[in-house]
Amino acid sequence: MEHRTNRRRFLGWSLGLTAGALAGGSSWSRAFAASCGLTPPQAEGPFYPGATKFLPENDLTLVAGAPRSALGEVVFLKGTVMDSQCKPLADANVEIWQACASGRYNHSRDPNPAPIDPYFKYWGEAFTNERGEYDFKTIIPGAYPAASGWTRPPHIHFRVAKLGYQELITQMYFAGEKLNAEDRILRSLSPADRAKVTVEFKGQNEFSGETIRVGRFDITMMPVPG
Ligand SMILES: [Fe+2]
């Protein structure tokens, strides 16, 4: 009987916990539910744009006064910046930089002979809103040679800054790209971290009168210790 009683107690506790978890009612369940894995940092690379930045805008596809928009497939990139408890962080500074459709950076140190696209912005900046959200309109960058036997897959570099949090420098990849599997930087991450920085672009979204694929890259920052 004692055994049964204990078992009932255990089941009751277990069921209560499940109900609490569903309702978000217990502090234990909230603690476990509200845990957002940190976004892994990755190498900054040599092509941060420095003096070649355009205006701080979140549309990289259109240069003012240009006769055409940027080459390449236009995509809409959005996400939420959060802390490790999944709390959205407002007013976080999100910078991105990337190659154009040919795989060339607008940087004097880029040895890639591929042509520059003068009508692509290469760099963009956004600040998260009160819900921690940011967005960019950009293009899928080209792959480029990094070293002998190593071609970097299409990727977008990120720098995210917010007072009270450690600056995050990382890179985002496009799901389905064959070169992802061989990339030395992406492969240096654990499978779980690779999944965090690999984004699927799908569906269609009306944005500024165009129909484009959309990807979501959520970012989790680490507080400054102390
Ligand atoms: Fe790069």
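Just so you know, these numbers use all the heavy atoms, side chains as well, and skip hydrogens, waters and symmetry mates. When a ligand or atom number is given, it counts from 1 through the structure's own listing order.
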field: Note: Glu167-Arg159 ion pair, threshold 4.0 Å (strictly below)
entry: yes

- request: Mind checking how many protein N/O/S atoms fall short of 2.8 Å from the Fe ion (ligand 1)?
  value: 4

- request: Anything under 30° is parallel, anything over 60° is perpendicular, the rest tilted; go ahead and classify Tyr144 against His155.
  value: tilted

message: Could you check, using the six-membered ring where one of them is a Trp, whether His157 and Tyr122 have ring centers closer than 6.0 angstrom?
response: no

message: Under 4.0 Å between a side-chain nitrogen and a carboxylate oxygen: does that hold for Arg152 and Asp183?
response: yes

message: Do Cys100 and Asn106 have side chains that approach each other closer than 4.5 Å (heavy atoms only, starting at C-beta)?
response: no

query: Does the side chain of Tyr173 reach to within under 4.5 Å of the side chain of Arg194, using non-hydrogen atoms?
result: no

